[in-house]
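Residue numbers run from 1 in the order of the sequence given. Below, each value reflects all heavy atoms present in this structure, side chains not excepted, and no hydrogens, waters or symmetry copies.
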Amino acid sequence: MAIREFRMPDVGEGLTEADILTWYVKPGDPVVDGQVVCEIETAKAAVELPVPFDGVVREIGFPEGTTVDVGAVIISVDTAGQAGAGVSAPAAVPAVTAAPAVTAVTETAVETADEPARPERRPVLVGYGVVESSAKRRPRKPANGTSPGGRGPAAGPRPLAKPPVRKLAKDLGVDLTVVRPSGGGGTITRADVHAAAVVDIGTREIVDRPAAPPAVLPDAREVRVPIKGVRKATAAAMVGSAFTAPHVTEFVTFDITRTMKLVEELKSDKDMAGLRVNPLLLIAKAVLVAVKRNPDINAAWDEAAQEIVLKQYVNLGIAAATPRGLIVPNIKDAHAQTLPELSASLSELVSTAREGKTTPAAMQGGTFTLTNVGVFGVDTGTPILNPGEAAILAVGTIKLQPWLHKGKVKARQVTTLALSFDHRLVDGELGSKFLADTAAILEQPKRLITWA
């Protein structure tokens, strides 16, 4: 037989390890070049890995839930006789959502199954040198009635669903064995999973439903959850930001009624047909206009070079809460987009985040961040800067309040914005002007035209 080994690749940004979330194959399964065999989670995002050759799976290197170093062998495939030995491709090959930046593969000729164990290989990866360690195992504890891999009931047929649908079900805490399929051939679709989870997509603009809480034993008083993946990276970034950049936060409360009326008008505008129109869209547009009027707020502090970097473009980050933790994908060159284009970009960003398909590249290069805490019914907060950015704007809930309007107290729709900024880059005057401009645009949305 001829064994080829597929090693944990570096999927970008110089990452050194990843967690194995889900295996889509098992020993004995046939695989074809480009077939997704597992899903991993890095410090940046969840990524599906395709195997780069045909054959039959011989061995799975690590179980689900294991943290694996880049360069460690994660799956071995017997490629002998792949062209005519009866190895056939699966009926459907899942689409690859993110290709690894480095594919680490080795091939070894094996004469018999009883061959003595070979010395451990010490692969050399470009940019990393010799891998010294293998993996830090964190075995999962099987729940009652489940298989050791945590794939569901040990007995009975496995529900038919594509890998992205299985991942969605896992994120939403849905047991696929109880979902009624509506797809062809009894396949479970995304809609089936959402229906089972009773997810109210329409009222949650940015965030997805949180993952089901860890199971608590009847006599347990504490539950311990490993800190890894996105949560681990986010925690480190937030601590670094909080103790590196001197934060200042300012607030403004104002009447946003006219903007809310414009939202309703745009929903029926033919130029916005088929596009999602909501308050966040116009708030994002207002931020872009305010950045244009106050360009120095779109900057970064280069400590090594001792320089202030003024960005001539806006990559607008949108903070999104996901079951794996907070992520901040950004819309590239948002400043150059029309309102319909910005709406399409926001919709794509949100849907991709909900599905857990946000790529590492989508979270790099942000210049200004917008976070919508209002979806939780929160008035405001003091957001922490996304590392490498000068400012972040938090949007509070929009609600009816008594407000002085044209000399009379009336019920008006009111909200609060909170701007946190790096005081090394942004002084009180600049921060105040930017915040006041953003509020002024949303109070009188015609300024989206006159100030643009």
Minimum heavy-atom separation for G34 and P50, please, with both atom names. O-CB, 3.5 Å
Looking only at side chains, do E64 and T22 share a donor and an acceptor under 3.5 Å apart? no
Are side-chain heavy atoms of I60 and P27 found at a separation under 4.5 Å? yes
S420 and T249: side-chain donor and acceptor closer than 3.5 Å? yes
Any luck finding a side-chain donor-acceptor pair between N315 and T367 under 3.5 Å? no
Would you say the side chain of M363 lies within less than 4.5 Å of the side chain of V328, judging by non-hydrogen atoms? no
Evaluate the side-chain proximity of T79 to D54: yes if any heavy-atom separation is below 4.5 Å, no if none is. no
Quick one: do K261 and E264 make a salt bridge, cutoff under 4.0 Å? no
Go through the side-chain N and O atoms of T416 and T380 and say whether any donor and acceptor fall under 3.5 Å apart. no
Tell me whether K433 at atom NZ has more than 12 heavy atoms from other residues, nucleotides or ligands lying less than 6.0 Å away. no
So, K399 and D379, do they make that salt bridge, N to O below 4.0 Å? yes
One thing to verify: whether E5 and R7 come together as a salt bridge, which I'm taking to mean a side-chain N less than 4.0 angstrom from a carboxylate O. yes
